[in-house]
Amino acid sequence: MLFRSQEAVNRAVLNLLDNAARYAGTGGEVRLSAGIVGEMLTVSVTDSGPGFTPEALARAGRGLYTSDASRSQEGHTGWGLCYARQVTKDHGGELRLWNTEQGGGAAELSFPLGE
């Protein structure tokens with residue numbers, strides 16, 4: 001599979017990892033996994049943080065949305081998930097967000113294979 005912009009896809013994955021590390025906090029856990037599911041390449045990031053609020057699940061991925069206003073002071077502006085969503089969409093895929101059974105957050109980028 002060729003991505004139109006490998007650099008953009010790499011940045012999208014790094015944005016997910018950065019968000020996960022911020023929310024997992026010191027001593028927390030972040031997991032990265034990738035695989036092929038059907039005709040899609042998936043890249044998933046999970047963390048052991050508090051998970052997404054219902055509002056964050058509904059609004060995350062929209063520009064300048066952050067669920068914690070204080071985080072913008074730490075360099076978190078709300079563009080990371082928006083960027084990841086747009087890059088994935090530009091490549092014919094999607095970004096999914098959910099909370100894990102253990103209570104942490106999960107984000108998955110999926111890209112169609114075969115182009």
Side-chain angles (χ1 to χ4, degrees):
M1 162 179 216
L2 289 178
F3 292 115
R4 284 182 226 123
S5 172
Q6 185 66 48
E7 184 178 325
V9 172
N10 291 345
R11 170 55 44 202
V13 173
L14 288 173
N15 286 345
L16 298 185
L17 287 167
D18 181 62
N19 283 347
R22 288 173 187 256
Y23 279 101
T26 303
E29 185 174 291
V30 173
R31 291 181 183 238
L32 171 68
S33 62
I36 297 174
V37 178
E39 297 294 318
M40 304 294 277
L41 168 66
T42 63
V43 179
S44 301
V45 176
T46 59
D47 66 62
S48 61
F52 295 100
T53 65
E55 180 184 15
L57 285 172
R59 297 185 60 200
R62 296 181 187 155
L64 298 178
Y65 174 75
T66 178
S67 61
D68 182 351
S70 67
R71 289 174 58 101
S72 63
Q73 297 168 4
E74 298 175 28
H76 184 82
T77 61
W79 282 113
L81 287 178
C82 180
Y83 181 84
R85 184 181 304 272
Q86 188 59 52
V87 166
T88 308
K89 182 179 174 186
D90 288 349
H91 286 84
E94 70 176 321
L95 168 67
R96 290 186 333 113
L97 305 171
W98 69 95
N99 290 318
T100 67
E101 290 181 16
Q102 297 78 23
E108 178 180 83
L109 304 174
S110 61
F111 301 96
L113 293 171
E115 288 188 28

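This chain uses plain numbering: 1 for the first residue, then up along the sequence.
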field: Pairs involving residues 24-51, ordered by first then second residue, that meet salt bridge (charged side-chain N to carboxylate O under 4.0 Å, His left out) (sequence neighbours left out)
entry: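 Every salt bridge (charged side-chain N to carboxylate O under 4.0 Å, His left out) pair that includes a residue of residues 24-51, provided the two are not neighbours, is E29-R31.
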
field: Listed once per pair and sorted, the salt bridge (charged side-chain N to carboxylate O under 4.0 Å, His left out) pairs that draw on residues 98-108, sequence neighbours left out
entry: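 Residue pairs passing salt bridge (charged side-chain N to carboxylate O under 4.0 Å, His left out), neighbours aside: R96-E108.
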
If I compare all heavy atoms of [X] with all of [Y], which pair ends up nearest, and what's the gap?
{"X": "A107", "Y": "L16", "value": "CB-CD2, 3.8 Å"}
{"X": "N15", "Y": "G80", "value": "ND2-O, 3.3 Å"}
{"X": "A84", "Y": "A12", "value": "CA-CB, 3.8 Å"}
{"X": "F111", "Y": "T88", "value": "CE2-CA, 3.8 Å"}
{"X": "A24", "Y": "V30", "value": "CB-CG2, 4.0 Å"}

field: For E94, all residues meeting salt bridge (Lys or Arg N to Asp or Glu O under 4.0 Å), sequence neighbours excluded
entry: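 Partners of E94 under the salt bridge (Lys or Arg N to Asp or Glu O under 4.0 Å) test: none.
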
- request: Only counting residues at least two apart or in another chain, list the ones meeting side-chain hydrogen bond (donor to acceptor under 3.5 Å, both in side chains) with S110.
  value: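 None.
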
Taking only residues two or more places apart in sequence, or in another chain, which ones meet [X] in a side-chain contact (heavy atoms from CB on, under 4.5 Å)?
{"X": "L32", "answer": "V13, L17, V43, V45"}
{"X": "Q102", "answer": "T100"}
{"X": "A8", "answer": "S5, Y83, V87"}

field: CD on E7 to CG on L14, rounded to 0.5 Å
entry: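 Reported value, rounded in 0.5 Å steps: 10.5 Å.
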
Rounded distance (nearest 0.5 Å) linking atom CG of L81 with atom CG of N19: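 So the CG of L81 and the CG of N19 are separated by 5.0 Å.
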
task: Report the C-alpha distance between L57 and N99 in whole Å, list the side-chain angles of each, state the deciding distance to 0.1 Å, and finish with yes or no for side chain to side chain contact (heavy atoms under 4.5 Å, CB included).
output: CA-CA 9 Å; L57 285 172; N99 290 318; 3.8 Å; yes

field: Derivation of the side chain to side chain contact (heavy atoms under 4.5 Å, CB included) call for N10 and Q6
entry: CA-CA 6 Å; N10 291 345; Q6 185 66 48; 3.0 Å; yes

